[in-house]
Protein chains: 2
Amino acid sequence: MTTPQLTKNQSLVFDVLEKAEGPLSAYTILDKLRDHGFRAPLQVYRALEKLLEYGVVHRLESINSFVACAHPGDDCHSHGIVAFAICESCGQVMEFHDHEVDHRLMAWVRAQKFKPEKTTIEIRGLCEACAA
Amino acid sequence: MTTPQLTKNQSLVFDVLEKAEGPLSAYTILDKLRDHGFRAPLQVYRALEKLLEYGVVHRLESINSFVACAHPGDDCHSHGIVAFAICESCGQVMEFHDHEVDHRLMAWVRAQKFKPEKTTIEIRGLCEACAA
DNA sequence: ATTGCACACGTTATAGCATAACGCAATTGA
DNA sequence: TCAATTGCGTTATGCTATAACGTGTGCAAT
Ligand SMILES: [Zn+2]
Ligand SMILES: [Zn+2]
Ligand SMILES: [Zn+2]
Ligand SMILES: [Zn+2]
């Protein structure tokens, strides 16, 4: 998926996510953009929908939040499943991928004749700093 | 985790999930139990909290729903990560585990000194019947 | 027996997440 | 020009989850 020129709202939302230390909820993004004219959740959700489609933002299903892609331009997104480790203490997110994990999961779905559309791998726990 | 005797509310919620064809949201469970005296979401959520703790019910993070464990008594839950394939058309859920996937993910977190607490693997797509 | 505690439960209210439905404006392409 | 598409703004609504308070019950420890 090639990324087209972002619209004004899409750029605003993306900038907020890129500058954030960790994942943000849609409503947190909304609050951060009120000074820029944002008034309603849909303005955020519509921008996020496109950013997710372009692959420059990821949704963390287990915490209802969004994060900027940590590997922009990396082609791993096109041929692999992305995984996340989320610190429940400081909110830090690590994005990674593992081809062997991809292969095993895809082998399983192929055996079941299941047709995958979207795969979520999220590990919640404590990062090194917070676990100490 | 050994499962203690379930309370009345816990049993009601568990029975609904066991008899269901697929995953149910907390509010769907609530509706199904109104005839049994359920009036408020908390009655469902409190029961679910315990059932999740006992490991007899799983939460599907990507669709905000709950499902009865497909492998009751199986010891794989105690030493492996459970994965789900969820059909977005018919709602059917397949629960499985793969030791190699577990191993790879745990190797990664160990290398990062990340301390995992709860891992989610959910594949959404179309089951064999619905993909035809 | 009385006290203290843990636990399940019921109720009301509130917080947090996401989308439906309407209309308008700008862009594009036939 | 006309139609189709896309983005945008607004209002309203629906869905998901928890906070806070109080009740009752069972079961020790004193
Ligand atoms: Zn990414
Ligand atoms: Zn941390
Ligand atoms: Zn299970
Ligand atoms: Zn299906």
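Order of the sequence lines fixes the chain letters, A, B, ..., with proteins taken first and strands second; residue numbering starts at 1 for each chain.
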* Structure fact -> In whole angstroms, the gap separating C1' of D:dT6 from CG of A:L6 amounts to 15 Å
* Find the distance A:I63:CD1 to D:dT16:C1' and express it as a whole number of Å. => 16 Å
* Asked: Does D:dA17 have OP1 or OP2 sitting under 4.0 Å from an N or O in the side chain of B:N64?
  -> yes
* In whole Å, what is the span from the CG atom of A:N9 to the C1' atom of D:dT6? -> 13 Å
* Spacing of CG belonging to B:L30 relative to CG belonging to B:L24, to within rounding of 0.5 Å -> 12.0 Å
* Asked: When you match A:S65 and B:T7 each to their closest nucleotide on DNA chain C, which lands nearer the 5' end?
  -> B:T7
* To do: Name all residues meeting the ring-ring contact (aromatic ring centres under 6.0 Å, His included) criterion together with A:F96; count only those two or more places apart in sequence or in a different chain, and write none if there are none.
  => B:W108
* Asked: Salt bridge check: are B:E49 and B:R46 linked by an N-O gap of less than 4.0 Å?
  -> no
* Structure fact -> Residues of residues 11-49 of chain B with a heavy atom under 4.0 Å from any atom of DNA chain C, listed by number, are B:R39, B:A40, B:L42, B:Q43, B:R46
* Atom CD of A:Q5 and atom P of C:dT27: how far apart are they, to the nearest Å? -> 14 Å
* To do: Compute the ring centroids of B:H58 and B:F66, then answer whether they are less than 6.0 Å apart.
  => no
* Structure fact -> Which of A:I123, A:L126, A:I86 passes side chain to side chain contact (heavy atoms under 4.5 Å, CB included) with B:P116? It is A:I123
* **Pairs satisfying salt bridge (Lys or Arg N to Asp or Glu O under 4.0 Å), at least one member in residues 58-73 of chain B, at least two apart** => A:R124-B:E61, B:R59-B:E61
* Structure fact -> Applying salt bridge (charged side-chain N to carboxylate O under 4.0 Å, His left out) to A:K32 and not counting sequence neighbours gives none
* Asked: Are any side-chain N or O atoms of B:Q112 and backbone N or O atoms of B:V109, one a donor and one an acceptor, separated by less than 3.5 Å?
  -> no
Restricting both atoms to N or O, compile the protein contacts to nucleotides 26-28 of chain D shorter than 3.5 Å, with distance only.
none

* Would you kindly compare A:K8 and B:F66 by the position of their nearest DNA chain D nucleotide and give the one closer to the 5′ end? => A:K8
* Structure fact -> Contacts satisfying salt bridge (Lys or Arg N to Asp or Glu O under 4.0 Å) that involve residues 108-119 of chain A (not counting sequence neighbours) are none
* Side-chain N,O (A:K50) to OP1/OP2 (D:dG7) below 4.0 Å -> yes
